[in-house]
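Since the structure comes first, as structure tokens, the remarks are kept for the end.
A quick note: this is a predicted structure, and the numbers were derived from the prediction, not measured. Throughout, protein chains are lettered first and strands after them, A, B, ... in sequence-line order, and every chain is numbered starting at 1.
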2 protein chains.
Amino acid sequence: MAGPASVKDVARRAGVSLGTVSNVLNRPERVGPETRERVLRAIEELGFVRNEAARQLRAGRSRTIGLVVLDVGNPFFTDIAAGVEEMAASAGLSVLLCNSADNQDRENHYLSVLEEQRTLGILISPVTGENPHLNEIRTRGMSAVLVDHRSSRRQCSVSVDDVVGGELAADHLIAQGYDRLAFVGGPIGLNQVANRLAGARNAWRAAGQDPDRITVLETTALTVASGRLMGERIAAMPARRRPRAVFCANDLLALGVLQEMTRQGLDVPGQLAIVGYDDIDFAAAAAVPLTSVRQPRAQLGRAATELLIDEISSAGTHQHRQVVFEPELVVRASTDNARRPRASAG
Amino acid sequence: MAGPASVKDVARRAGVSLGTVSNVLNRPERVGPETRERVLRAIEELGFVRNEAARQLRAGRSRTIGLVVLDVGNPFFTDIAAGVEEMAASAGLSVLLCNSADNQDRENHYLSVLEEQRTLGILISPVTGENPHLNEIRTRGMSAVLVDHRSSRRQCSVSVDDVVGGELAADHLIAQGYDRLAFVGGPIGLNQVANRLAGARNAWRAAGQDPDRITVLETTALTVASGRLMGERIAAMPARRRPRAVFCANDLLALGVLQEMTRQGLDVPGQLAIVGYDDIDFAAAAAVPLTSVRQPRAQLGRAATELLIDEISSAGTHQHRQVVFEPELVVRASTDNARRPRASAG
DNA sequence: GAGCTGGAATGAAACCTTTCATGTGACGCA
DNA sequence: TGCGTCACATGAAAGGTTTCATTCCAGCTC
């Protein structure tokens, strides 16, 4: 026996036909108990394992959905993934988790893989708003739901209002009396980044300030390492020109900045207040517990999966929906202006 | 046209045979330039996408390896996954990431899925040492490498010496003068947990103490939430019976305990020193930067993938190897006994 | 002009499972 | 005895790709 056993081998060993073996596997009630027993024994003895590829080829589609995220290393996305998996499992589907790492080429590569696999549908947190490749794939009949990104009316999406989130963060900083504000995040091309910045500018304008006077410190990625790098730059600024508060596009950046401040002996929030975004579990456990904008992560994942399943199963009647959740500000020590030392103390 | 276009459709449209289309796809140099052009145009016009299932059925195996981890929510494992993916990509392979969530049934489920998919090989951080199902699958010719768990000589594995890690942690605490020691971790059935505890006991014994006098506080999982729960229990102990130092089986637990201490107003390391394990990025950014036992995570992933690829490609000559890395202690503020208040101060 | 060469294209077979229309035989009932 | 029914079991077909042994043909040599 060269390769692994096939239904044919099982059939021969059990002395029945191919069809009967298949029936034992898929509709056991249609097979006589004695025959069934014999087939099962043959399966056991040969160590037969279904060939999913052949199965799927016959069926024309798989029982898998794809989830493409921007960064598996970010707990924000693994929390979403947990929600997706929970929902998918309860519908009997598997989830194929792909990491685009903020990279358009990788995103497209994974989209191709998912299409070639005849995946049932795709959940994607896209690198950019419009991805022609994704649109093409959808044209060919693949269902897709955008996650963490609001779509047009021609497609389903699940997102959290990032503009509102940015406003919440900036409003809070303004209310706390911080004046020189910086925004840390990037690449600016990322939608989430752009929207959170736009929200902050809105709030700034509403407070009667010039929205362009928010210093934008653009990073190359939304990671702890990028945050540390930017932290170095901030610490190196002369105290008079240094911002009093930074709003970071996500918690990883915020934690990086915070870490660097601590290392350089700058007090948070005394010399620099920090607001993060996402409220991942680690934000609360940070050196200085982080004020952050909370997103309902698992819920995001569940809702997206529900929409996708609906789109797949009721192809004809499906109505595209854009679900938008509201973010929520969680205030912690990192923006406590009471702890800010006298201006002369620096 | 009902379903998506197939090679047959492309062939018809381009006015060539099936075989030629396949050649354009797989060995373009064997096809005349003019014909090739015509086929490519047909592919473009029809939006033809290879059917991976059929491809794989024909080939007998996929171009994918499976990675089963204990907890995708734990940065330790996503860092390993990053290493795996990097190595796999450079060998032209895809990675299917599965989360067993410490659960034997889920682990077995994913193993079955991977076998049915005719995955090229499996990297697995196993829930328990011996998994009969995994052994069965290996019997049928599937390659598998254990990750973060040392195997017997009959199989490849990549791990970090957890006993040494436990010794490093406990030695450090002893050297810092901490006497009442507790170990936080669980389920004790998990190998990593058991070994780290064993290491700590070794060190304790070597220091002339009764190794059974290490209090074992068993948790149900290695998560931040479990850590918080155990933190509550620790805080609730009368100060005289409370441990002076805890060694946590991983950083998530340590962060949870730390968070709860802060919430309850207990000083770390003043009233409780904490050592974590893994040295994930967040450990350094914690409320009190965590002393932790560092593991070379990405390297673990890369090495495991290398072993797997070797096992797959040189099936005949392959020698099973057990690669064991050495952990490294990273000392930070959470175990700084200088900051410990006078005994009478409590 | 016959025979040969090599590049290019062909078409059937194989991979494995599932489905479905068909076949078989036993049994009960009129 | 003959017919209909029912429960099982059968075998061929289909699904899309790749491979490989053939076939075809233009161009070349002798």
Who pairs with [X] by side-chain hydrogen bond (donor to acceptor under 3.5 Å, both in side chains), at least two apart in sequence or on another chain?
X: B:Asp79; result: B:Arg297
X: A:Arg106; result: B:Glu85
X: A:Ser90; result: none
X: A:Ser152; result: none

Exercise. Base, sugar-phosphate, or nothing: which does B:Val31 touch, judged by heavy atoms less than 4.0 Å apart?
Worked result: sugar-phosphate
For this session: May I ask you to say what B:Arg27 touches in the nucleic acid, namely base, sugar-phosphate or nothing, with a heavy-atom cut-off under 4.0 Å?
Result: sugar-phosphate
For this session: Quick one: which residue pairs count as a side chain to side chain donor-acceptor pair (under 3.5 Å) with a foot in residues 45-59 of chain A, not counting sequence neighbours?
Result: A:Arg13-A:Glu45, A:Asn26-A:Arg50
For this session: Calculate the interatomic distance between B:Leu25 atom CG and D:dT18 atom C1'; express it in whole Å.
Result: 10 Å
Seminar exercise, completed: salt bridge (Lys or Arg N to Asp or Glu O under 4.0 Å) filter on B:Glu116, not counting sequence neighbours, yields none
Exercise. Along nucleotides 10-16 of chain D, 5' to 3', which nucleotides get a B, which get an S, and which get a -, given that the test is a protein heavy-atom distance under 4.0 Å?
Worked result: BB--BBB
Show every donor-acceptor pair shorter than 3.5 Å between a side-chain atom in residues 29-41 of chain B and any protein atom, with sequence neighbours excluded, or say none if there are none.
from	atom 1	to	atom 2	distance (Å)
B:Arg36	NH1	B:Pro28	O	2.7
B:Arg36	NH1	B:Val31	O	3.3
B:Arg38	NH1	B:Ala14	O	2.6

Pair up each side-chain donor or acceptor in residues 299-312 of chain B with any protein partner under 3.5 Å, not counting sequence neighbours, and list the distances.
from	atom 1	to	atom 2	distance (Å)
B:Thr305	OG1	B:Gly301	O	2.7
B:Asp310	OD1	B:Ser314	OG	3.3
B:Asp310	OD2	B:His318	ND1	2.7

Exercise. For the helix from C:dG1-D:dC30 to C:dA30-D:dT1, what is the angle between the axes at its two ends, each from 5 pairs, rounded to 10°?
Worked result: 60°
Problem set entry | Point-to-point distance, once rounded to the nearest 0.5 Å, from OG1 of B:Thr119 to CE of B:Met142 | 5.5 Å
For this session: Extract, from 5' to 3' on DNA chain C, the first and final nucleotides lying under 4.0 angstrom from some heavy atom of chain B.
Result: C:dA8 to C:dC16
For this session: Please collect all salt bridge (Lys or Arg N to Asp or Glu O under 4.0 Å) contacts where either partner lies in residues 132-144 of chain B, sequence neighbours excluded, each pair once.
Result: B:Glu115-B:Arg140, B:Glu136-B:Arg140
